[in-house]
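First up is the structure itself, then whatever we jot down about it.
Letters A, B, ... are given to chains in the order of the sequence lines, protein chains preceding strands, and every chain is numbered from 1. All heavy atoms count here, side chains included; hydrogens, waters and symmetry mates do not.
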Amino acid sequence: MIFTAIDEIKEELLKAFNKTYPDLVLSISDFKIERPKNLDFGDLSTNISMRLAKKLKQNPISIAERISNLITNEKWVYSFVKPGFINITFSDNFIFESMLEIIRSEGSMFSFDLGHGDKVQIEFISANPTGPLNVVNARAASIGDVLAKLFTRFGFQTEKEYYINDAGNQVEILGHSIELAMKKLNGEEVEFPENSYAGEYIFEIARELKAGFDSGNEDTNQPEKIRDLGLNSILQTQKNTIEKFGLTFDNWFSEKSLYSSAKHTEALKILKQKNLIYEKDGATWIKTTDLGDSQDWVLIKSNGSYTYLLGDIAYHLNKFERGFTKAINIWGPDHQAGVSRLQAALTAFEIPRDWLEVMIIQQVNLIRNGERVKISKRKGIFETLDKLIEEVGVDAARFTFLLRTTSSHLDFDIDLAKQQVSENPVYYIQYAHARLCSIFRKALESGIEFKIDNVKLEDVINSETRDVIRKIFEYTLILKSALISREPSRITNYSMELADIFHAFYHNFRIITEDKEKTISRLGICRILQIIFKDILDLIGVSAPEHM
RNA sequence: GCGCCCGUAGCUCAAUGGAUAGAGCGUCGGACUUCGAAUCCGCAGGUUGGAGGUUCGAGUCCUCCCGGGCGCGCCA
């Protein structure tokens, strides 16, 4: 298939170069093999001769000529062209065999081993347990889930983790907020301080606890119990939402557990030994300026409590000790300032700089009736994921979140996502899948059973199917690039292009006809498309309906 | 002031440093006796914010400028 093809081609090129230019030391990373955009340039192309023209003091095109004339192969043909590209065109037979392979494997071959079992951890959402999940959490959820699946597919041992911030000051504030709400429910005059939570969900919890107390449960009137019960209640709500969103985590990691295992004191000790700690104004500081950051930060406040940074350091030390070769954090836009100081701090513990990778997901703007929805976190007026699921459904929500590059702001048009019309891309893809399923149902009704052995080369590989086949061959490359660039949007964008080409193919060429052999061969193409659409929809967590 | 992100067609956005910058929506004009019209075909629409630089080759990398979003606490 195409991946092994790329490796084989690289080997062939290296061999040919070594033979032609024995003095040259050349490695695989010195050149690239890519998919040309223009069909006329073949199936693959390489820039190798242009890259080496200077070193060899030769014209790139003459290098390309010498090399491409040197290699012969039944599976593909080398040719050279003006600026100096070497283009590779697959033989019909190679394409045909690769396509049969896809059908036989039912899609299980859309992967190859990049990770060799390396352990990768992806941590995402990790929302404070002080309120329901919001739309930025949802964006992170969609992206993290797809990335985790991609890592797994490409041979990594992947773990999804949710970090529960159950130890900080925000939890105390949550407790106080619920207490205040309970007092208010009792008819007392209360005022919610600036930093408290006062959303409707706080009152719901308060009502529940109050009811418990009224019916004789003493626990629900003690501050610490209220805090813990409230926290658990919110955490459970978050878990329910996540489940509704079709997402599972391998691990829920409690911040509190870090402190009971004294991970933070261990970290402080090491930092002290390295002379990276000092006292100022009654607080304990870390000398991150010595580690490449632009300023120093407080680890222990003058009142003795710990900052978020210290917890994060301890947490990531713990992660590192768990043996992950890479840790990826997906953070919201409000955490961008935390990246450089955490990464700087971790270098003090002999953790490689590239071990922790932090992706900052950009903001989500909800658009309703053509206008941005205003958000006020403090008043508890913000768009929850639950509400979004209720309004547009999981499929449309997930697809929309995956439609844009992670570094771009995302305008989420609720009215569009709600519509079950053609402008809504998720239905365009699902429709393609449903239509493919329908074709096979129809074929069966006409008494045609699809059998792979009856698929004929000349009926499949011809000018009619050029575009479809070409797009099919791109699929695994797209998956790989989505993984490497950490951009699941590559997959959704590809799916739209594939659907585009399929619908056009469907219109131009009738699939089920009197000609039984031709029908079966065309069904072969449809089978591959069906496999790919199913695979994509599974990957991105969107349902693949057989009827619509 | 410092940092991150963005600037590409009327709108929303694509484009692993490669060859002629692509989609969708919107506008306009076409295609249903026949496998699903939730579809397809066609027209129009661009000096990739600006100026330099690196490179055989720049929307992409570097520097500066302009415009927009966000973040810069002994909050989390």
Please list, one pair per line, the donor and acceptor atoms closer than 3.5 Å that link side chains of residues 393-403 of chain A to other protein atoms, with sequence neighbours excluded.
from	atom 1	to	atom 2	distance (Å)
A:Asp395	OD1	A:Ser543	N	3.0
A:Asp395	OD2	A:Gln430	NE2	3.0
A:Asp395	OD2	A:Ser543	OG	2.5
A:Arg398	NE	A:Phe245	O	3.2
A:Arg398	NH1	A:Asp145	OD2	2.8
A:Arg398	NH2	A:Asp145	OD2	3.2
A:Arg398	NH2	A:Phe245	O	2.7
A:Arg398	NH2	A:Gly246	O	3.2
A:Thr400	OG1	A:Ala396	O	2.6

Can you give me every donor-acceptor pair (side chain of residues 501-512 of chain A, partner residue at least two apart or in another chain, under 3.5 Å) with its distance?
from	atom 1	to	atom 2	distance (Å)
A:His503	ND1	A:Arg435	NH1	2.9
A:Asn508	ND2	A:Ala504	O	3.3
A:Arg510	NE	A:Ile512	O	3.1

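Aromatic ring pairs are classed by plane angle as parallel below 30°, tilted from 30° to 60° and perpendicular above 60°; the pair A:Tyr259 and A:His264 is perpendicular.
Across the P atoms, B:C32 and B:A37 are found 12 Å apart, a figure rounded to whole Å. One P atom belongs to B:C62, the other to B:C4, and the distance between them is 11 Å to the nearest Å. B:C11 and B:G29 have their P atoms separated by 23 Å, given to the nearest Å. B:C70 and B:G30: their P atoms are spaced 45 Å apart (whole Å). Taking atom P in both B:G46 and B:G10, the straight-line distance is 6 Å, to the nearest Å. Nucleotides B:A9 and B:G49 place their C1' atoms 15 Å apart, quoted to the nearest Å. When the C1' atom is used for both B:U8 and B:U48, the distance is 4 Å, rounded to whole Å.
Here salt bridge (Lys or Arg N to Asp or Glu O under 4.0 Å) pairs that include residues 483-496 of chain A, with residues two or more places apart or in two chains, are A:Glu357-A:Arg486. The stretch residues 285-304 of chain A participates, sequence neighbours left out, in no salt bridge (Lys or Arg N to Asp or Glu O under 4.0 Å) pair at all.
Of the residues in residues 438-449 of chain A, those lying under 4.0 Å from RNA chain B by heavy-atom distance are A:Ser438, A:Lys442.
Remark: A:Arg466 CZ is loosely packed, at most 12 non-hydrogen atoms of other residues, nucleotides or ligands lying under 6.0 Å away.
Looking at which nucleotide of RNA chain B each of A:Asp40 and A:Lys54 is closest to, the 5′-most match is held by A:Asp40. Comparing A:Asn38 and A:Leu410 by the nucleotide of RNA chain B that holds the closest heavy atom to each, the one mapping nearer the 5' end is A:Leu410.
In this model, a side-chain donor or acceptor of A:Ser45 finds a partner on the base of B:A19 within 3.5 Å. In terms of polar N and O atoms assigned as donor or acceptor, the side chain of A:Asn87 comes within less than 3.5 Å of the base of B:A19 in a complementary pairing. The base of B:C74 is paired with the side chain of A:Ser302 by a donor and an acceptor separated by under 3.5 Å.
Both key distances under 3.5 Å define a Watson-Crick or G-U pair, and stretches of 3 or more such consecutive pairs in RNA chain B run B:1-7 with B:66-72, B:10-13 with B:22-25, B:28-31 with B:39-42, B:49-53 with B:61-65.
Stacking here means ring centres nearer than 5.5 Å and ring planes tilted less than 30 degrees, and by that measure A:Phe41 stacks onto B:A19.
With sequence neighbours excluded, the residues that form a ring pair (Phe, Tyr, Trp, His ring centres under 6.0 Å) with A:Tyr21 are A:Phe17. A:His176 is linked by a ring pair (Phe, Tyr, Trp, His ring centres under 6.0 Å) to nothing, counting only residues two or more places apart in sequence or in another chain. With sequence neighbours excluded, the residues forming a salt bridge (Lys or Arg N to Asp or Glu O under 4.0 Å) with A:Lys534 are A:Asp538, listed by chain and number. Listed by chain and number, the residues in a salt bridge (Lys or Arg N to Asp or Glu O under 4.0 Å) with A:Glu161 are A:Arg322 (sequence neighbours excluded).
An anti orientation is assigned to B:C61, its glycosidic angle lying beyond 90° of 0.
Protein atom CZ of A:Arg522 is 16 Å distant from nucleotide atom P of B:C35, rounded to whole Å.
In this structure, A:Ala283 reaches the bases: a heavy-atom distance under 4.0 Å links it to at least one base atom across the strands shown.
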What pairs of nitrogen or oxygen atoms, one from the protein and one from nucleotides 67-69 of chain B, lie under 3.5 Å apart?
from	atom 1	to	atom 2	distance (Å)
B:G69	O2'	A:Gln363	OE1	3.2

Starting at the 5' end of nucleotides 42-47 of chain B, put B wherever the base has a protein heavy atom under 4.0 Å, S where only the sugar-phosphate does, and a dash everywhere else. ------
